[in-house]
Amino acid sequence: MSVASNPSASPEAVHYDCIVISDLHLGSAVCQARLLEEFLIWAFDHCQTLVINGDIFDDLNFKRLSKRHFACLKEIRRNSDRNDVRVVWVRGNHDGPADIVSHIVGVDIHDEYVFDNAKVQLLILHGDQFDTIITDYPWLTDLACNAFYFIQKWMPHRAARWIRRLTKKFQRNSQLIEHRATDYARSRGFRYVTCGHTHLPLTAEHDGVVYINTGTWTEAPPCPFLVVEGAQVRLEFWPLASTVLEPDAEERHEPAADRLPPMLPAMG
């Protein structure tokens with residue numbers, strides 16, 4: 001199995017075939033927009049294909065976008081016309097109508113995307129299509145989102161993140177989507193599949209199919225992203241181990257413990 005982690009080669013010296021990120025949630029009060037902007041600047045110079053796998057927006061209420069959020073969009077937009085980098089957007093359940101989002105960012109939107117470098121075929125889809133809570137109870141999803149927006153605004157970031165993680169685990173979304181996405185990939189003949197949506201980064205293998213979830217950029221850093229390098233497919237985390245960043249002004253009020261990586265066990 002060509003899945004690795006923490007490679008010995010310096011990431012600064014590597015040019016990846018593909019990088020996949022998901023669940024940016026621009027507009028959310030807990031979006032790591034400062035880190036995301038810095039990551040995008042780095043990523044566009046270190047890959048041939050960048051795939052944004054759903055939920056780049058928290059919703060289409062652009063009044064909630066800060067200057068940092070707009071800076072991230074600007075970085076995506078200005079790189080979408082480059083000849084040496086391909087930018088791909090896979091739709092997410094928070095992204096809104098495809099024609100609106102495509103016009104804003106300047107890239108086409110796909111329901112799913114297959115990255116193929118002749119060594120690896122990676123099936124990329126957001127994962128919400130396997131979420132029975134969203135498909136069977138849309139009113140409950142809307143109610144939960146509205147409640148969480150209130151929590152984001154009036155409760156500390158740490159509490160908001162904790163509630164988000166607790167809700168996802170309670171619904172068992174991570175395990176459900178992991179197994180359904182794996183079965184779907186196997187039925188299509190793929191050995192590798194990646195999703196977002198659950199906000200829980202993990203790598204697992206089921207009967208020869210490797211499933212990787214790319215987590216979210218709303219949790220305390222380091223923030224996860226997937227890389228394809230030749231025949232290797234693996235999770236990496238930003239900031240890189242060699243990068244030291246000062247906290248943003250709007251993040252300094254959080255205790256240092258909130259900036260530690262969340263303890264999220266792999267669901268098997």
Side-chain angles (χ1 to χ4, degrees), residues 10-58 60 62 64-92 94-96 101-110 113 115 122 124 126 194 196 199 201 212-229 234-251 259 261:
S10 169
E12 290 296 335
V14 176
H15 196 80
Y16 300 107
D17 298 321
C18 181
I19 291 177
V20 183
I21 57 176
S22 68
D23 296 270
L24 315 182
H25 288 277
L26 296 175
S28 167
V30 291
C31 171
Q32 298 289 331
R34 179 184 66 93
L35 287 179
L36 177 60
E37 181 186 2
E38 293 168 346
F39 169 79
L40 289 171
I41 293 171
W42 172 85
F44 280 118
D45 287 333
H46 287 82
C47 72
Q48 297 176 357
T49 301
L50 177 69
V51 181
I52 305 173
N53 190 12
D55 287 0
I56 190 169
F57 294 113
D58 206 42
L60 291 184
F62 297 131
R64 299 173 60 222
L65 297 177
S66 69
K67 289 183 179 180
R68 286 216 180 267
H69 297 166
F70 278 113
C72 295
L73 290 176
K74 182 179 179 181
E75 192 64 30
I76 296 171
R77 179 83 189 196
R78 79 178 185 86
N79 284 281
S80 63
D81 295 329
R82 287 173 52 175
N83 294 325
D84 58 335
V85 178
R86 183 175 186 184
V87 183
V88 177
W89 197 328
V90 177
R91 66 140 194 96
H94 281 258
D95 286 328
V101 178
S102 179
H103 177 73
I104 293 171
V105 182
V107 297
D108 293 332
I109 298 182
H110 304 261
Y113 180 75
F115 175 79
L122 173 65
I124 305 169
H126 185 61
T194 182
H199 293 197
I212 299 178
N213 193 289
T214 46
T216 182
W217 286 69
T218 63
E219 297 288 351
C223 298
F225 60 99
L226 178 151
V227 299
V228 179
E229 182 185 0
R234 62 178 181 266
L235 275 182
E236 296 283 359
F237 293 86
W238 186 269
L240 305 174
S242 60
T243 306
V244 179
L245 299 172
E246 292 297 325
D248 195 13
E250 61 189 31
E251 298 169 348
R259 296 194 295 272

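Both backbone and side-chain heavy atoms feed into the values below; hydrogens, waters and symmetry mates do not.
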Drop me the distance from [X]'s [atom1] to [Y]'s [atom2], to the nearest 0.5 angstrom.
X      : Y      : atom1 : atom2 : result
Asp84  : Asp45  : CG    : CG    : 8.5 Å
Arg234 : Tyr16  : CZ    : OH    : 5.0 Å
Leu24  : Ile76  : CG    : CD1   : 6.5 Å
Gln48  : Phe115 : CD    : CZ    : 7.0 Å
Phe225 : Cys47  : CZ    : SG    : 10.0 Å
Ile19  : Thr49  : CD1   : OG1   : 10.0 Å

Shortest non-hydrogen contact from [X] to [Y]?
X      : Y     : result
Leu50  : Phe44 : CD2-CZ, 3.4 Å
Gly215 : Ser22 : O-OG, 3.1 Å
Cys72  : Ala33 : SG-O, 3.4 Å

Quick one: sort the Trp42 and His46 rings into parallel, tilted or perpendicular, breaks at 30° and 60°. parallel
Relative to each other, are the rings of Phe57 and Trp89 parallel, tilted or perpendicular (30° and 60° limits)? tilted
Determine whether [X] and [Y] make a side-chain contact, defined as any pair of heavy atoms from C-beta on separated by less than 4.5 Å.
X      : Y      : answer
Leu40  : Ile21  : yes
Thr214 : Leu235 : yes
Ile212 : Leu226 : yes
Leu73  : Leu65  : yes
Pro239 : Pro222 : yes
His25  : His199 : yes

Side chain Ser80, main chain Val107, donor-acceptor under 3.5 Å: no
Sequence neighbours left out, what passes side-chain contact (heavy atoms from CB on, under 4.5 Å) with Cys223? Give chain and number order.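 side-chain contact (heavy atoms from CB on, under 4.5 Å) check on Cys223 returns Gln32, Leu35, Trp217, Pro221.
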Please determine which of Arg68, Arg64, His69 meets the side-chain contact (heavy atoms from CB on, under 4.5 Å) test together with Cys31. His69
With Ile56, which of Leu26, Val90, Leu36 fulfils side-chain contact (heavy atoms from CB on, under 4.5 Å)?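 The passing option is Leu26.
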Contacts of Asn53 that satisfy side chain to side chain donor-acceptor pair (under 3.5 Å) - sequence neighbours left out: none
I'd like to know whether Thr218 forms a side chain to side chain contact (heavy atoms under 4.5 Å, CB included) with Asp23, so could you lay out the CA-CA distance, the side-chain angles of the two residues, the decisive distance to 0.1 Å, and finally the verdict. CA-CA 8 Å; Thr218 63; Asp23 296 270; over 6 Å; no
